[in-house]
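Accompanying notes for the structure given below.
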Amino acid sequence: MMDNVSQITMFFLSGLNETNNHRFTLFFLTLLCYCVILLVNISVIVTIIMDKNLHEPMYILICAFCMNGLYVTTGFYPKLLWDLLSPIHVISYSGCLVQAQVGGSFVCSELTILAVMAYDRYVAICRPLEYHSVMSQQRLILLVCYSWMTPFCTIGISTFLTSRLKLCSPYIHKFFCVNWMIVKLACSPAQTRVNGIFVYIIIIVYLIHALFIVLSYMYLIKTCSNSINNRAKFMQTCVPHLISLLIFLVTILFEIMIMRFDPNNFPQTFKNFVEIETLVIPPLINPLIYGFKLTKIRNRLLQLGF
């Protein structure tokens, strides 16, 4: 048996098995959602790139945020659209690892960008005279690279560790691939010990990121409560970040809940709803929040006719 498991070249995804009666409706709704996500994210990115007045650290970080949204939707939506029209839902072994890499790096990058945004707002509000020297162009480039490359490399190591496992089953009870769901298919728990340790290290690292975000905004709220000007600046520039953070944490919490507990305890429809949240809500809502809440971006979008 151990000789055969290494020959798995295809995974069967069972998450969409109950949608066959509504697959055309779901296909058009998913296609519409994908097009809207592309439109709103590209609109914000192009607006920031084209307008030199928006070439400031906060807006560059928003641009990176939207690019991250495009990254994850490109990694999942084309395959999802294909599966909605196909009677058999399969994905190649390498394709599954790519999806796991994209999904994991998106989540970690999203949290990292939110942490960098929190640091940016802290410097802007608490140390305004030092803002441009602290958030220099060179440091901004380093922070953006850190937000993208560190999660990508970290999850890349985790994906590599997963690729070394011998698997006993090609069946994944989701409609897309997640690293830990592949790990659970390993023939022996002893094989996954290194994977488990590395996952816990990743969790600790990004919990520190989350703690930094929470402490930063707690300090900002305390600081801004004593000043009307700072309070207005906080409401204008920090509230969108807090909304994005809340949306992100809620969607990830539901996803972790499904994976942590026995998936068989939940209806397939509910599991699909929770899983699709991660692919729809952050990439769709984030650019809308920043596009309508931040005055400079909103005015520029109106001028461009969006």
Side-chain angles (χ1 to χ4, degrees), residues 8-43 66 68-107 110 159 162 167-185 247-248 250-288:
I8 289 178
T9 58
M10 200 77 66
F11 289 103
F12 295 88
L13 307 174
S14 62
L16 298 176
N17 287 351
E18 297 181 9
T19 64
N20 288 334
N21 294 333
H22 311 284
R23 59 180 182 174
F24 292 109
T25 302
L26 291 173
F27 171 81
F28 286 112
L29 288 175
T30 304
L31 180 61
L32 176 63
C33 184
Y34 184 37
C35 292
V36 173
I37 288 174
L38 291 177
L39 176 64
V40 294
N41 280 280
I42 291 174
S43 298
C66 291
N68 200 42
L70 291 178
Y71 166 68
V72 71
T73 51
T74 303
F76 285 91
Y77 272 82
K79 179 66 173 68
L80 176 58
L81 289 167
W82 177 267
D83 283 346
L84 286 171
L85 294 180
S86 174
I88 302 175
H89 310 132
V90 296
I91 186 170
S92 66
Y93 180 84
S94 57
C96 194
L97 290 179
V98 168
Q99 271 201 348
Q101 170 71 18
V102 170
S105 57
F106 161 75
V107 170
E110 196 91 341
T159 304
T162 301
L167 309 179
C168 280
S169 172
Y171 297 97
I172 295 177
H173 301 294
K174 294 171 75 74
F175 62 85
F176 59 85
C177 294
V178 177
N179 201 339
W180 193 247
M181 298 300 291
I182 305 173
V183 172
K184 289 171 70 174
L185 301 177
I247 290 170
F248 174 74
V250 169
T251 54
I252 295 303
L253 183 63
F254 275 107
E255 179 68 19
I256 292 173
M257 182 183 70
I258 292 293
M259 289 194 292
R260 175 64 181 84
F261 298 102
D262 186 359
N264 296 324
N265 294 334
F266 301 93
Q268 186 62 51
T269 304
F270 174 74
K271 289 189 289 185
N272 287 348
F273 174 77
V274 170
E275 290 161 8
I276 201 68
E277 278 185 321
T278 310
L279 303 179
V280 173
I281 295 180
L284 180 61
I285 299 300
N286 287 339
L288 292 177

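- Atom CD1 of I88 sits in a sparse spot, with 12 or fewer heavy atoms from other residues, nucleotides or ligands closer than 6.0 Å.
- To the nearest 0.5 angstrom, N286 atom CG is 8.0 Å from N41 atom CG.
- The heavy-atom pair separating V90 from D83 by the smallest distance is O-OD1, 4.3 Å.
- Counting heavy atoms from C-beta outward, F27 and T30 have side chains that stay 4.5 Å or more apart.
- Here the closest heavy-atom approach between residue P282 and residue E110 is recorded as CB-OE2, 3.9 Å.
- Atoms CD1 and OG, from I8 and S169 in turn, are 6.5 Å apart once rounded to the nearest 0.5 Å.
- With contacts defined as side-chain heavy-atom distances shorter than 4.5 Å, the pair N68/F106 qualifies.
- The nearest pair of heavy atoms linking C33 to Y77 is SG-OH, 3.7 Å.
- Ring geometry for F76 versus F176: interplanar angle over 60°, hence perpendicular rather than tilted (30 to 60°).
- Atoms CD and OG, from Q99 and S92 in turn, are 9.0 Å apart once rounded to the nearest 0.5 Å.
- Considering NE2 of H89 and NZ of K79, their distance stands at 8.0 Å, rounded to 0.5 Å.
- Between the side chain of S86 and the backbone N or O of W82 there is no donor-acceptor pair closer than 3.5 Å.
- C177 is linked by a disulfide (SG to SG under 2.5 Å) to C96, counting only residues two or more places apart in sequence or in another chain.
- The shortest heavy-atom contact between L85 and R23 is O-NH1, 3.7 Å.
- A search for side chain to side chain donor-acceptor pair (under 3.5 Å) contacts involving Y71 returns S105, not counting sequence neighbours.
- Pairing each heavy atom of I182 with each of L167, the nearest pair is O-CD2, 3.7 Å.
- To the nearest 0.5 Å, atom CG of residue N179 and atom OG1 of residue T162 are 3.5 Å apart.
- Under the 4.5 Å side-chain criterion, counting only non-hydrogen atoms from C-beta, F175 is not in contact with I91.
- To the nearest 0.5 Å, the span separating CG on L31 from CG on L26 amounts to 12.5 Å.
- L80 has its side chain out of reach of Y34: every pair of non-hydrogen atoms, C-beta onward, lies at least 4.5 Å apart.
- Of all the heavy atoms in T73 and P283, the pair that sits closest is CG2-CB, 3.8 Å.
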